[in-house]
Amino acid sequence: MKRRALIAGNWKMHTSVIDGCDLATKVAKSAVGADDRDVLLAPPFTIISEVGHVLRGSSVLLAGQNVCWEAQGAFTGEISPVMLTDIGAIGAIIGHSERRQIFGESDEMINKRVVGALDHDLMVILCIGETLEEREQERTFAVIKQQLSAGLSGVTREQTSRLVIAYEPVWAIGTGKTASKEQAQEAHAYIRSLVSELFEKEVAEQMRILYGGSVKPANVDELMAQPDIDGALVGGAALDAESFGRIINFK
Ligand code: PGA
């Protein structure tokens, strides 16, 4: 079954208003004609509204880098699903390894974010992946299983149509080390089998599973050629218009 590819750029804590708008303009141009795939940008919250203006009229989708589970209230420092919808974002990245590792977000908190976002009709990109230590201890599959089943607790079958999984081995993020296409494919196939167990086969067949971790123009084509890799979540290379343009137009 052919799933529609998704190339997502995670700008993390980078870009000013001027730089971000300039980058978004270039990304929108690169996405012209790439009609058989989705392109998404997740800028920092400070410029998400401006970037949204730049992207208006283009095919490029807008998302937050995180989202709270509540619609509003006393949650200092958080952004709600309603706020994201208000400025034209259609989804959010949740559970990025930097949120888990640096900011101590637990599977339980990540699950609250996933359920809250889906309940507010957002699209969710749920990130999962093992550390180097976990891989060396041969715990990769156990970690994937734990993060996926905990992260998706309470998600309904109907909501899975707005769910995307991103497999991001922590040791490959921002390090220049990419998982080999075989390592990535193996993990993706395993994730798909888990989605089938958690929901059903049809859900697993439709679920988009992105690879993330040092995706570059030089490796995107071979990664995207793998049967269970349906897209990429790109950090560093998404900050360079030319590189990201090439990634969007993977062959
Ligand atoms: P990277 O980041 O492409 O810089 O490795 C990927 C990510 O963290 O989503």
Side-chain angles (χ1 to χ4, degrees), residues 5-15 19-20 23-24 26-27 30 37-45 48 51 60-67 89 91-105 110 113-114 117 123-132 134-135 140 143-144 147-148 151 163-181 183-185 187-188 191 208-224 226 229-250:
L6 169 61
I7 303 295
N10 172 13
W11 291 358
K12 306 192 180 184
M13 199 170 72
H14 294 287
T15 65
D19 294 347
L23 183 54
K26 290 175 177 156
V27 170
S30 299
R37 54 202 70 182
D38 290 330
V39 179
L40 176 148
L41 291 179
F45 288 127
I48 192 166
V51 169
V60 181
L61 306 169
L62 188 67
Q65 294 178 14
N66 202 357
V67 67
I93 297 169
I94 298 178
H96 190 279
S97 65
E98 287 146 20
R99 298 304 317 170
R100 294 176 189 265
Q101 304 220 309
I102 305 171
F103 300 99
E105 292 196 12
I110 288 160
R113 294 187 189 279
V114 168
M123 168 187 164
V124 166
I125 301 178
L126 171 64
C127 302
I128 57 173
E130 81 288 359
T131 62
L132 182 58
E134 288 161 345
R135 178 162 279 266
T140 298
V143 170
I144 288 175
Q147 291 180 348
L148 195 73
L163 180 67
V164 174
I165 308 294
Y167 170 63
E168 298 205 304
V170 179
W171 48 273
I173 296 178
T175 57
K177 279 189 207 159
T178 325
S180 69
K181 57 185 192 305
Q183 285 172 321
Q185 166 57 29
H188 281 233
I191 292 166
R208 291 188 288 184
I209 307 175
L210 315 184
Y211 171 78
S214 300
V215 175
K216 305 181 270 281
N219 59 24
V220 67
D221 297 340
E222 62 174 25
L223 287 163
M224 290 305 296
Q226 302 307 306
I229 299 184
D230 308 312
L233 180 54
V234 188
L239 293 169
D240 179 71
E242 204 183 314
S243 297
F244 194 60
R246 172 63 182 84
I247 292 171
I248 290 171
N249 290 288
F250 71 87

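The first residue of the sequence shown is numbered 1, and numbering continues consecutively from there. Note that ligands are numbered from 1 as they come in the structure, with each ligand's atoms numbered from 1 the same way.
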Seminar exercise, completed: Residue, atom and distance of the protein heavy atom nearest atom 3 (O) of ligand 1 read Gly235 N, 2.8 Å

Problem set entry | Proximal atoms of ligand 1 relative to Ala172 (non-hydrogen, under 4.0 Å) | 5 (O)

Exercise. Can you tell me how far CD1 of Ile93 sits from CD of Glu98, rounded to the nearest 0.5 angstrom?
Worked result: 10.0 Å

Exercise. Which atom pair, heavy atoms only, marks the closest approach of Ser214 to Gly174?
Worked result: OG-N, 3.9 Å

Exercise. What atoms of ligand 1 come closer than 4.0 angstrom to any heavy atom of Gly213?
Worked result: 5 (O)

For this session: Work out which heavy atom in Leu210 is nearest to a heavy atom in Leu6; give both atom names and the distance.
Result: CD2-O, 3.6 Å

Seminar exercise, completed: Closest to atom 9 (O) of ligand 1 among protein heavy atoms sits Glu168 OE2, 2.7 Å

For this session: Heavy atoms only: give me the nearest Gly20-Trp11 pair and the separation to one decimal.
Result: O-CH2, 3.3 Å

For this session: Enumerate the atoms of ligand 1 whose separation from the nearest heavy atom of Gly174 is less than 4.0 angstrom.
Result: 1 (P), 4 (O), 5 (O)

Seminar exercise, completed: atom 4 (O) of ligand 1 has as its nearest protein heavy atom Gly236 N, 2.8 Å

Problem set entry | Ser214 neighbourhood, listing ligand 1 atoms whose heavy-atom distance to it stays under 4.0 Å | 1 (P), 3 (O), 5 (O)

Seminar exercise, completed: Within 4.0 Å of some non-hydrogen atom of Lys12, the atoms of ligand 1 are 2 (O), 7 (C), 8 (O)

Exercise. In Å, rounded to the nearest 0.5 Å, how long is the span from CD1 of Ile209 to CG of Leu163?
Worked result: 9.5 Å

Seminar exercise, completed: Residues Leu233 and Ala166: closest non-hydrogen pair is CD2-CB, 3.9 Å

Exercise. Applying a 4.0 Å heavy-atom criterion (strictly less than), which segment of Ser97 is in contact with ligand 1: side chain, backbone, both, or neither?
Worked result: neither

Problem set entry | Proximal atoms of ligand 1 relative to His96 (non-hydrogen, under 4.0 Å) | 7 (C), 8 (O), 9 (O)

Exercise. Under 30°, 30 to 60°, or over 60°: which ring-plane class applies to Tyr167 and His188, parallel, tilted or perpendicular?
Worked result: perpendicular

